Amino acid sequence: MPELAALTQPSRKGISRFVSLNAAPAPAPAVPPRPQGDLTRASIEEIAQAVRTTWPTKSADNRWNRSRGARDLLHHLSQFPGETWQERWEASGFNQGGNPVSVLRSAPRERSQIGTGAACLLCLRIIQPSLEAFRSNTFLYYGQRFLAAQNDPLLEKFRAEVQATPVNPIHHGTARFDIAVALTTQGIALADLTPAAFLHYAWECRRQGLVLGARGAGSRFPGHLAWQVLHAMGHFPSHGPATLKAALLNGRLTVEELVDRYKIRNTGVRHLLIAYLERRKPELDYSTLDNLSRHLASNFWAAAIEQLAPS
């Protein structure tokens, strides 16, 4: 688990004993997690068989319904261009918010299994949905189904630690769900989930109003129990914040600090960016402000213009 760079960070309240956390999605892993092997280009029947193998059950009807739902969704996606199922998923429009797979039906006059089939494809890492796309659907027991499919000892340790936490059992399910969604939408294994990546998940859920039980955007954050367990089990650095609330309160940089991360040579441009971001700051949440500063100061200026013309 990579350690974070600094132990202290100046803030308006003085020196924090916590590291500074900047919310950022996890980078794409060199070897993506594939619990049943790489099925991103597999045939529909190969995937249907993997679904039946991954979630064995005494009921043949349940096994058939799961694989039928996956098969029906894949048949629909096969109409769209792409070499992989991910490319077809994105071309279909299902990777955008507000477009749930439930608009499809498995068969006339029968209960649709499309949602269950879609959940299985996500758990097998055949498709990586955007956060908006994932939360546009209703996947019952997704955290439980996801953990069962991964064959990941670290996830099993996390599940056991969650279950041992003396809180209302409903919070156990919420913690499993938060981790499952963060890993699914960022395309990573638990070993690759850093505090910054989980903070990104929390900020994006809050910004988009995607928190379970919340009343719209900006109402609250998800992931409190999951963060606490990840810190307690040593997955998050011991010198970092032990709770999500502490990370949110102490992990923010000033506008000047946000810009100075990228060491802009031209002082005039540096002052211009700081002034612009200060003007925009009152209307933006911190995650959006952080992303905007990164796009302008790094992607647009330091990593592009100053590389082409340093002077």
Side-chain angles (χ1 to χ4, degrees), residues 2 4-6 9-13 16 18-28 90 95-98 128-136 181-182 185-188 192-211 214 216-223 227 240-241 244-310:
L4 299 178
Q9 174 64 42
S11 72
R12 293 179 182 178
K13 298 179 181 178
S16 168
F18 296 128
V19 293
S20 173
L21 296 179
N22 294 311
E90 293 174 3
N95 205 43
Q96 301 171 11
Q128 179 184 332
S130 66
L131 181 60
E132 302 95 317
F134 184 100
R135 294 305 303 274
S136 294
V181 179
T185 57
Q186 297 189 40
I188 57 175
D192 298 316
L193 183 67
T194 62
F198 195 61
L199 201 59
H200 171 79
Y201 163 76
W203 271 112
E204 285 302 297
C205 285
R206 180 180 186 268
R207 183 175 67 83
Q208 299 176 39
L210 301 177
V211 184
S219 56
R220 57 178 172 167
F221 291 93
W227 184 291
L244 178 64
K245 183 178 180 180
L248 294 167
L249 291 176
N250 295 280
R252 301 187 182 189
L253 302 179
T254 66
V255 167
E256 187 173 354
E257 290 167 339
L258 288 171
V259 172
D260 285 345
R261 291 179 297 180
Y262 307 107
K263 299 179 173 29
I264 292 176
R265 298 186 184 96
N266 188 301
T267 55
V269 171
R270 174 182 175 273
H271 291 317
L272 175 64
L273 292 175
I274 291 172
Y276 173 72
L277 291 169
E278 287 287 4
R279 175 72 67 87
R280 295 292 308 278
K281 182 178 178 180
E283 65 191 56
L284 303 176
D285 60 52
Y286 182 77
S287 179
T288 304
L289 182 68
D290 183 21
N291 288 332
L292 182 59
S293 69
R294 183 179 300 108
H295 286 310
L296 292 177
S298 177
N299 300 345
F300 169 63
W301 191 263
I305 294 178
E306 284 196 348
Q307 290 297 318
L308 294 172

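If you read the sequence from its start, that first residue is 1, and numbering goes on from there. Being a predicted model, the structure only gives us computed values, none of them experimental.
Between G223 and F198, the shortest heavy-atom contact is O-CE2, 3.5 Å. Of all the heavy atoms in P222 and C205, the pair that sits closest is CG-CB, 3.6 Å. Minimum interatomic distance between R261 and S293 (heavy atoms only, all atoms of both residues): NH2-OG, 3.0 Å.
Looking at L258 and I274, their side chains never come closer than 4.5 Å, going by heavy atoms from C-beta outward. Residues L193 and Y201 are not in side-chain contact: their nearest non-hydrogen atoms beyond the backbone lie 4.5 Å or more apart. Side-chain atoms of Q208 and R135, non-hydrogen and from C-beta on, never get closer than 4.5 Å to each other. Here the side chains of K245 and F221 are not in contact, with every heavy-atom distance at 4.5 Å or above. Counting heavy atoms from C-beta on, the side chains of L248 and L199 come closer than 4.5 Å.
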*Under the side-chain contact (heavy atoms from CB on, under 4.5 Å) criterion, do I305 and F300 qualify, and how do the steps go?*
CA-CA 7 Å; I305 294 178; F300 169 63; 3.6 Å; yes

*Test side-chain contact (heavy atoms from CB on, under 4.5 Å) on R270 and E256 and set out the steps.*
CA-CA 9 Å; R270 174 182 175 273; E256 187 173 354; 2.8 Å; yes

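Separating the NE2 atom in H271 from the CD atom in E278 is a distance of 13.0 Å, to the nearest 0.5 Å. Rounded to the nearest 0.5 Å, atoms CD1 (I264) and CG (L273) are 5.0 Å apart. Rounded to the nearest 0.5 Å, atoms CG (D290) and CZ (R294) are 4.5 Å apart. Going from atom OG1 of T267 over to atom CG of L272 covers 11.5 Å, rounded to the nearest 0.5 Å.
Side-chain N or O atoms of S130 include one that pairs as donor or acceptor with a backbone N or O of N95 at under 3.5 Å. A distance-only check finds no donor-acceptor pair linking the side chain of R206 to the backbone of W203 [under 3.5 Å]. Side chain of W227 to backbone of P241: a donor-acceptor contact under 3.5 angstrom is found.
A search for side chain to side chain contact (heavy atoms under 4.5 Å, CB included) contacts involving L284 returns R280, T288, L289, L292, not counting sequence neighbours.
The stretch residues 299-309 participates, sequence neighbours left out, in these salt bridge (Lys or Arg N to Asp or Glu O under 4.0 Å) pairs: R265-E306.
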